[in-house]
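Here is the structure we will look at.
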Amino acid sequence: MEEEQRPNKILVVDDEPDLQPLVLQRMRRGIRRGRYQFLFAGNGVEALELLRAVGDIDMVVSDINMPQMDGLTLLEQIPSVDPNIRAIIVSAYGDMANIRTAMNRGAFDFITKPIDFTDLQVTIDRTLEHLAEWRSVLKARDQLVSVQNELSIATQIQQSVLPTQLPQGAGFHLHASMEAARSVGGDFYDTIPLEDGRVGLAIADVSDKGVPAALFMMASYTLLRAAAGIPDAGRTMQEVNDVLTETNVAGMFVTMFYAVFDPVSGSLTYANGGHNPPVLLHEDGTTEQLPLTGGVALGVMSGLDYNVKSIDLAPGDTVFLYTDGIPEAINGDDEEFGMERLCTTLTAARDRNAHDLTDCVLTDLQAFVGDTPQFDDITCLTLRFTGTVP
Amino acid sequence: MNVNTETSGNSLVIALDGRVDSSNAAEFNTALENATADSDLGVVLDCENLQYISSAGLRVILTTAKSLQSSQRKFVICTLSNPIQDIFVISGFDQIINIQGSRAEALATMEA
């Protein structure tokens, strides 16, 4: 795995000057082959100076008893230069007390005097091998951190395109929320101001998660914005579907509910492309799911028609759009939150405005789920129709 | 998730059981590719023992349907539990994939 071309730099620290020619002679084959490069220091102080000056020394082989600074003190100081430098300590045979101390201070291994050069080479090679593995682990960790950073930026970008200032006007109140799961996901909502005070409302969920889903989500989001100008919700969906399918190489799809809401009349005209049907909550607390329109999830097949259905909202009605992250959220017993609980919560919150009602759902959901980690994006968009006062 | 393949008449019958979600969708895809490769028979995917399928799993089924379709092979899914049937109806995929109530009915459509 180690791809380094340069020789491994080994600093030998000993106050005995005869050691230097001996090491160079015994290790000459490895030196000639470019595997080792030896540097020498006479005590701990010199060793630290060299470590700092050279900057890329891989390992240290150090004697214990030396003037000025001994090997055990040196061991303590090495990490302040570079915590990834490994050290082998050379001790007198049977000097267990010093060997113990050296190992406790972070020596990687030890050899004993008189130095057996075969053993020294084996120990050096083993240390270098360990270093190479250690470095590849560090490298992998750095790469992972950088990928995670990129993913979290992707999540931020995704979130930042979603509108935070929703259209407001006489007769209605809108509120939206999206809590992304840890991995980048593919949910989105949108509120699009249209001609004559009407508002386009969308909620969508891309199949699967991760970077491909995030890219597909951005494409779907942009296409919908572009096609929302078409006055018919069904034709808007048809347009988005055709373009998405044309450019869809990954076989992904997005379920999308798109409605055009007219705050003057209270009419809601919608097309549902394979998405969970929104809940209609009446003023008296009863709930119903908006009937499907027979639309297929988008991105699967081009040329499909998207039929629309239309309902007239009564003042006090609320429409709750959501993704499956809400009903399919599970608690510690693997139970799903489910539609029944969702509807119960909505009924209890029937008098609230869109913002508070959304909070009620999220609070109940949180209480149900407890500490169980969130696997899917949790997204919802609430429209409350208050009606214009005549 | 487990996939068992057998030949019945002029069809490959693939019985799927367990759960398919994002964590094993890739594995499910490979299993279906392996099961359907080296054959030109039509395919019945029997979901009698399928407990759960997420959108990632639906994507695999769609991809399989498309690839079989492009080589003129029939593809039928059968024996869906009610919750899974609902998933196919809501997503609209019941309109583009042939869904039958039982394996016998699925095999009957393969004869035609």
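Keep in mind that this is a model prediction, so the values were computed, not measured. Just so it is clear, the values below take in all heavy atoms, side chains as well, and ignore hydrogens, waters and symmetry mates.
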Might you confirm whether atom CG of B:N82 has over 12 heavy atoms from other residues, nucleotides or ligands at distances under 6.0 Å? no

Atom CG in A:D334, atom OH in B:Y52: separation rounded to 0.5 Å? 11.0 Å

Can you tell me how far NE2 of A:H275 sits from OG of B:S91, rounded to the nearest 0.5 angstrom? 12.0 Å

Has B:K66 got a side-chain atom pairing as donor or acceptor with A:V300's backbone, closer than 3.5 angstrom? yes

How many angstroms lie between CG in A:L304 and CD1 in B:I96, if you round to the nearest 0.5 Å? 7.0 Å

What do you reckon, is CZ of A:R235 surrounded by more than 12 foreign heavy atoms closer than 6.0 Å? no

Could you go through B:S55 and A:F253, starting from their C-alpha distance and side-chain angles, then the distance that decides it, and tell me whether this counts as side chain to side chain contact (heavy atoms under 4.5 Å, CB included)? CA-CA 9 Å; B:S55 56; A:F253 62 83; 4.0 Å; yes

Is chain A contacted by the side chain of B:V89, its backbone, both, or neither, given a heavy-atom distance below 4.5 Å? both

Measuring heavy-atom distances to chain A, does B:I90 have an atom under 4.5 Å in its side chain, in its backbone, in both, or in neither? both

So for B:I87, is it side chain, backbone, both, or neither that comes closer than 4.5 Å to the heavy atoms of chain A? neither

Under 4.5 Å from a heavy atom of chain B, the part of A:Q289 involved: neither

Chain A heavy atoms under 4.5 Å from B:F88: which part of the residue, side chain, backbone, both or neither? neither

Separation between CG of B:L62 and CE of A:M252, rounded to the nearest 0.5 Å: 11.5 Å

For A:E335, does the CD atom have more than 12 heavy-atom neighbours from other residues, nucleotides or ligands under 6.0 Å away? yes

To the nearest 0.5 angstrom, please state how far the CZ atom of A:F375 sits from the OG atom of B:S54. 12.0 Å

Would you find a donor on one side and an acceptor on the other, under 3.5 Å apart, between the side chain of B:Q95 and the backbone of A:G294? yes

